[in-house]
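Within every chain, numbering begins at 1; the chains are lettered A, B, ... in the order of the sequence lines, protein sequences first and strands thereafter.
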Amino acid sequence: MLDAKFLRENLDYASSRLATRGDSGNLDLFRDLDEERRALLQETEDMKALRNAESAQIGALRKQGLDARERQDAVRSLGERIKANEERLKAVEEKLSGILLTLPNLPHESVPVGKDESENPEIRVWGEKPVFDFDPLPHWELGEMLGIIDLPRAAKLSGARFSLLTGAGARLERALINFMLDLHTLEHGYTEVLTPFMVQPPSLTGTAQLPKFEEDLFHVEGGEYYLIPTAEVPVTNIHREEILAESALPIRYAACTPCFRKEAGSHGKDTRGLVRLHQFNKVELVKFTRPEDSYDELESLTRDAEEVLMRLGLPYRVVSLCTGDLGFASAKTYDLEVWLPGQQTYREISSCSNFEDFQARRAQIRYRPEGAKGTRLVHTLNGSGLAVGRCMVALLENFQQADGTVIIPEALRPYMGGMEIITRGG
RNA sequence: GGAGAGAUGGCCGAGUCGGUCGAAGGCGCUCGCCUGCUAAGCGAGUAUACGCUCAAAAAGUGUAUCGAGGGUUCGAAUCCCUCUCUCUCCGCCA
């Protein structure tokens, strides 16, 4: 959510920044409602001040045993007018927050202007794309041949866009999770958290999945619960409505959770394999920082995610999302894209974003600056470190051999009981 | 699921028959004084949000907030209703 005060004072600037996203919002309506709200608020508060003063006098009279009936009658009608005003005010404030909650974040100055993903500049590239003297297979064929991925049975259980891993496949998923969590907690300084996988609406409003993106979420019958689409939601909301000590910042959390997504509107896209599922595991990194530190923290967050790919020896590149491709809540995002030889393309495997105070304002996450009065909103960041399923896809496709077996990268072997290669029936 | 108890400021804890209560007292914390050092002692301060005044900062001022929402009343932390959460006991359960 954008700051209403900032918007009020920088309407043209905000409008032009939003336009670079292709979503300029309804700022004229905002301005009118904001003005109406303040006028109404002032009027109502003046009346309340009067009522408070009158009531105090009535109290004083009554204490002396005097009759105050006339005054009481006069104040009664004031009370009715106050109530009427409050109702109008409430209606205006609801409309206003409706606008504010659906207005996207302003892109950071350093974000390249562009209309869609074709205009995302490449920031850096790492690793050598593997060269094969045979035709590399897509992961679903490898997985089936090796007997570690069983998509037909997954469909029998749950329908399209679900996966079933068996044997070395299931173990590989678990190995990846443990490897990633160990790296981030033991070497990168994150604290591991294990969160609920269902949350209530205020949490989703806090991180900005609601109210605008309800159609992407699974709603659970029998309660006001949603399945989390990413660990970002529960982890960021850990500190919702809290005032943190400055000395506690930055806070860095790592969490592995399943992610549940409807994938509405992506019919026909990535229908085969493990790339786009209704349920997948993801290790997520979340940070709470002081505003002045957040862009440095975005760089280190991205590096922390990249480190996973480097240790696994997976070639990748980093792109900076342009204004037109930026997520609703993000001020700046780097995507990590891993090379998939089976499909001869780079695919997103991590998205690292700085939300600045956009989520913090919705979720009321603040800190108390030392040596200054009052509170400030923290900046929140998060990034995948990494999407586990897509990581498995990348491993299979990059480390496949002519005979269909797959080499397990060095870094993962301790987590695989020393296994070096995945063979058929392994 | 059944029965009961509770929810007040960073923490503990008072709030009488509703009347000036943003809330006594204590602890903690901050600043100052005192003191060879530490401790103790003394003094002052110590919630948040949204408005308004102001060029702005500082400051001042208004309103709201005693789990949440609604009601009664001139006036509610105090009375009534609904909800949420916590604790205890019983039952059930991985």
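When both distances must be under 3.5 Å, the Watson-Crick or G-U wobble mate of B:rU30 is B:rA44. Base pairing analysis places B:rC92 opposite nothing; no Watson-Crick or G-U wobble pair with both distances below 3.5 Å involves it. In this entry B:rC52 has B:rG60 as its Watson-Crick or G-U wobble partner, both defining distances falling under 3.5 Å. B:rA23: no Watson-Crick or G-U partner with both key distances under 3.5 Å is found in any strand. Figure legend. B:rU38 is base-paired to no nucleotide; pairs are counted as Watson-Crick or G-U wobble with both atom distances under 3.5 Å. Across the strands present, B:rG6 finds its partner in B:rC85; the criterion is a Watson-Crick or G-U wobble pair with both atom distances under 3.5 angstrom. Pairing partner, B:rC79: B:rG71, with both Watson-Crick or wobble hydrogen-bond distances short of 3.5 Å. Pair check for B:rC17 finds none; no Watson-Crick or G-U wobble contact set falls under 3.5 Å.
Between A:Arg81 and B:rC74 there is no side-chain N or O to OP1 or OP2 distance below 4.0 Å. OP1 or OP2 of B:rG75 lies within a sub-4.0 Å distance of a side-chain N or O belonging to A:Arg51. Using a 4.0 Å cut-off, some side-chain N or O of A:Arg76 falls inside it from OP1 or OP2 of B:rC74.
With rounding to whole Å, A:Arg366 atom CZ is found 14 Å from B:rA47 atom P. The distance from atom CD1 of A:Ile243 to atom P of B:rU46 is 16 Å, rounded to the nearest whole Å. B:rU48 atom C1' lies 12 Å from atom CD of A:Glu241, rounded to whole Å. To the nearest angstrom, C1' of B:rG51 lies 14 Å from CG of A:Asn85. A:Glu246 places its CD atom 16 Å from the C1' atom of B:rC29, with the value rounded to the nearest Å. Between A:Glu224 atom CD and B:rU84 atom C1' the separation is 14 Å, expressed in whole Å. Atom-to-atom, CD of A:Glu87 to C1' of B:rG70 comes out at 12 Å; the value is rounded to the nearest Å. In this entry the distance linking CZ of A:Arg71 with C1' of B:rC74 reads 10 Å, nearest Å.
Scanning residues 30-46 of chain A for heavy-atom distances under 4.0 Å to RNA chain B yields A:Arg37, A:Arg38, A:Leu41, A:Gln42, A:Glu45.
When the nucleotides B:rA49, B:rU72, B:rC74 are ranked by their closest atom to the side chain of A:Lys83, B:rU72 comes out on top.
A side-chain contact (heavy atoms from CB on, under 4.5 Å) with A:Arg366 is found for exactly one of A:Asp357, A:Leu244, A:Thr375, namely A:Thr375.
Remark: the separation of the C1' atoms in B:rC31 and B:rA14 is 28 Å, to the nearest Å. B:rG13 sits 23 Å from B:rC17 when the C1' atoms are compared, rounded to a whole Å. Nucleotides B:rG67 and B:rA7 place their P atoms 8 Å apart, quoted to the nearest Å. Spacing of P atoms, B:rU16 relative to B:rG6, comes out at 14 Å, to the nearest Å. Between B:rU46 and B:rU61, the two P atoms lie 13 Å apart (nearest whole Å). Taking atom C1' in both B:rA5 and B:rU20, one finds a spacing of 33 Å when rounded to whole Å. Annotation: B:rC33 and B:rA56 have their C1' atoms spaced 36 Å apart (nearest Å). With P as the reference atom, B:rA76 and B:rG69 are 15 Å apart, rounded to whole Å.
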Listed pairs, N/O of protein and of nucleotides 19-23 of chain B, under 3.5 Å:
| from | atom 1 | to | atom 2 | distance (Å) |
| --- | --- | --- | --- | --- |
| B:rG19 | N2 | A:Ser55 | O | 2.8 |
| B:rU20 | O4 | A:Ala56 | O | 3.2 |
| B:rU20 | O4 | A:Ala60 | N | 3.4 |

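Judged by distance alone, the side chain of A:Asn10 and the main-chain N or O of A:Tyr13 form no donor-acceptor pair under 3.5 Å. Checked by atom type and distance alone, the side chain of A:Thr302 pairs as donor or acceptor with a backbone atom of A:Leu298 at under 3.5 Å.
Contact annotation for A:Arg361: no contact, since no heavy-atom pair falls under 4.0 Å across all strands.
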When you look at A:Tyr316 and A:Glu306, which way does the side chain to side chain donor-acceptor pair (under 3.5 Å) test go after all the steps? CA-CA 8 Å; A:Tyr316 69 91; A:Glu306 284 176 64; 2.6 Å; yes
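Two residues are said to be in side-chain contact when any heavy atoms from C-beta on lie closer than 4.5 Å; A:Glu356 and A:Pro291 fail this criterion. Between A:Lys282 and A:Cys256 there is no side-chain heavy-atom pair separated by less than 4.5 Å. Within the 4.5 Å cutoff, no side-chain heavy atoms of A:Val111 are placed close to those of A:Leu321.
Between A:His184 and A:His188, the two ring planes are tilted [angle within 30° to 60°]. Using bins of under 30°, 30° to 60° and over 60° for the plane-to-plane angle, the ring pair A:Phe328/A:Phe358 lands in the perpendicular bin.
For A:Asp73, the CG atom counts as densely surrounded, since its 6.0 Å shell holds more than 12 non-hydrogen atoms of other residues, nucleotides or ligands.
Comparing A:Gly79 and A:Gln200 by the nucleotide of RNA chain B that holds the closest heavy atom to each, the one mapping nearer the 5' end is A:Gly79. Each of A:Asp3 and A:Lys90 was assigned the nucleotide of RNA chain B with the nearest heavy atom; the assignment lying further toward the 5' end belongs to A:Asp3.
When every heavy atom of A:Pro234 is checked against every heavy atom of A:Val199, the shortest pair comes out as CB-CG1, 4.3 Å.
For A:Tyr295 and A:His379, the gap between ring centers reaches or exceeds 6.0 Å.
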